[in-house]
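Let me begin by presenting the structure, written as structure tokens, before commenting on it.
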Amino acid sequence: LNAKLTLDKNNEIAKVDDRIYGSFIEHLGRAVYGGIYEPNHPLSDEQGFRKDVIELVKELDVPIVRYPGGNMVSAYNWEDGIGPKIDRPRRLELAWRTIETNEVGTNEFADWAKKVNADVMMAVNLGTRGIDAARNLVEYTNHPGGTYWSDLRKSHGYEQPHNIKTWCLGNEMDGPWQVGQKTAYEYGRIAKETGKAMKLVDPTIELVACGSSNTGMPTFPEYEATTLDIAYEEIDYISLHQYYGNRTNDSANYLANNMDMDHFIKTVTSTCDYIKAKHRSNKTINLSFDEWNVWYHSNNADTKIEPWSIAPPQLEDVYNFEDALLVGSMLITFLQHADRVKMACLAQLVNVIAPIMTENNGRSWKQTIFYPYMHASLYGRGVSLQPILSSPKYDSKDFTDVPYIDSAAVYNEEKEEVTIFMVNKNLEDAITLTADVRSFAGYKVAEHIVMENDDLKAVNTAVKESVVPHNNGKSSLQNGVLEAELLKSSWNVIRMK
Ligand code: AHR
């Protein structure tokens with residue numbers, strides 16, 4: 001089988017916003033307690049943060065981390081998590097039905113984010129709370145001083161404001177599972193008024209409004225349209241969330257799911273632009289895909305967890321090789337929409353549906369999905385180019401005309417480097433790629449990284465990481481023609497300089 005590609009450095013989609021390589025830490029399961037924070041672990045620092053986890057997060061070069069939820073934020077009192085730890089209340093956490101000890105809160109998380117070189121994307125509670133709690137939080141984190149909340153922050157040992165730039169107005173407010181679920185009208189109103197007050201406190205912040213929780217929601221995309229119509233002038237981004245799973249063990253169909261994601265992005269983009277036209281506005285609303293991943297392996301185990309425990313192992317999906325392929329394809333889809341998708345958060349980062357896992361009081365290790373995420377984050381910074389691709393196609397249960405090859409390319413002019421990311425979804429055969437890359441005169445193949453495995457269900461564990469990339473991919477570049485072998489079911493990163 002053969003595929004053809006043409007790549008021209010002048011054929012730009014848009015500059016990639018680095019924040020598409022963001023992630024997410026929720027107060028859920030062992031993400032915080034036993035994940036990033038474990039004071040009794042021998043590798044923990046003076047604040048109780050695990051240094052091995054910090055190093056793994058740094059390997060991924062995560063630019064922004066969403067916090068503290070997720071569903072959890074919709075019944076969260078942020079004031080519970082500030083001040084002396086000894087005084088912090090234990091609360092029933094209603095989203096996941098656990099006990100929240102509040103040992104980690106806003107200031108500790110801001111410290112941790114600094115340690116991993118990431119910005120914080122902060123979510124406010126629009127389930128049980130509203131304007132007042134949100135504007136006070138912005139004053140606490142961002143106001144320099146001389147007022148009640150900013151001086152309280154100083155009294156807690158934080159002289160300088162955290163200057164958090166990006167804020168989410170609630171989480172998945174369309175979902176019946178959400179504490180304080182809202183109709184689109186109710187949500188649009190509270191998002192607008194809360195956003196207005198938050199921007200009065202600090203006009204430099206950017207706001208993300210909730211869209212639908214996934215494409216299957218009955219109110220999609222009307223929820224987006226109504227919210228945008230009401231809150232257009234206050235907000236800057238609309239959020240998208242989506243998780244996939246291979247529940248019927250149909251790998252060909254499963255791997256095509258990024259076509260659904262592509263459709264989701266196109267629909268939300270059109271909805272934004274329809275409201276823009278309706279409002280005769282010059283302002284463009286962009287997309288924040290602030291929850292995305294594979295999530296299904298742990299569903300059954302989670303039904304057996306006793307309520308009201310502290311940091312139980314919830315949502316601990318163990319990812320296999322095919323999950324890594326779909327994660328790679330989803331990253332490619334973001335790059336193809338670099339003109340409108342400006343933020344994205346792999347949900348989540350540690351232990352909870354995560355690329356990084358830890359054992360309590362033990363090791364930390366990398367899941368299969370760690371690698372495509374790392375490659376995209378490291379080599380996918382620059383300008384996203386439009387590859388003109390002709391690939392053989394297949395049909396699956398839910399999709400027609402699925403290209404076997406997914407591809408995206410990022411040109412980093414400063415480093416004089418161009419990287420092509422590709423997934424071969426053909427489960428039987430390799431595909432030979434012939435690419436016209438003449439506009440990159442004088443470039444050579446620096447590296448062809450491959451993730452391949454004969455077993456689509458192969459996983460990594462704390463003791464054995466058997467699904468890892470190598471850089472022995474077969475490709476050559478001569479007279480402006482790149483020839484590459486894309487092995488059956490494989491993730492490929494071809495770096496040229
Ligand atoms: O990431 C896990 C959960 O998925 C989040 O809390 C919620 O926003 C979504 O439903």
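Counting starts at 1 for both ligands and their atoms, in listed order.
Every side-chain hydrogen bond (donor to acceptor under 3.5 Å, both in side chains) that Glu222 has, sequence neighbours left out, goes to Thr226. In this structure Ala301 satisfies the side-chain contact (heavy atoms from CB on, under 4.5 Å) test with no other residue, sequence neighbours excluded. Lys276 meets the salt bridge (Lys or Arg N to Asp or Glu O under 4.0 Å) test with no other residue; sequence neighbours excluded.
Every protein residue with a heavy atom nearer than 4.0 Å to ligand 1 is included here: Phe24, Glu26, Gly70, Asn71, Trp96, Asn171, Glu172, Tyr243, Glu291, Trp295, Leu315, Gln348, Ile353.
The aromatic ring centres of His337 and Phe289 sit 6.0 Å or more apart.
With 3.5 Å as the limit, one finds no donor-acceptor pair spanning the side chains of His41 and Asp52.
Using a 30° and 60° split on the angle between ring planes, His375 and Tyr371 fall in the tilted class, from 30° to 60°.
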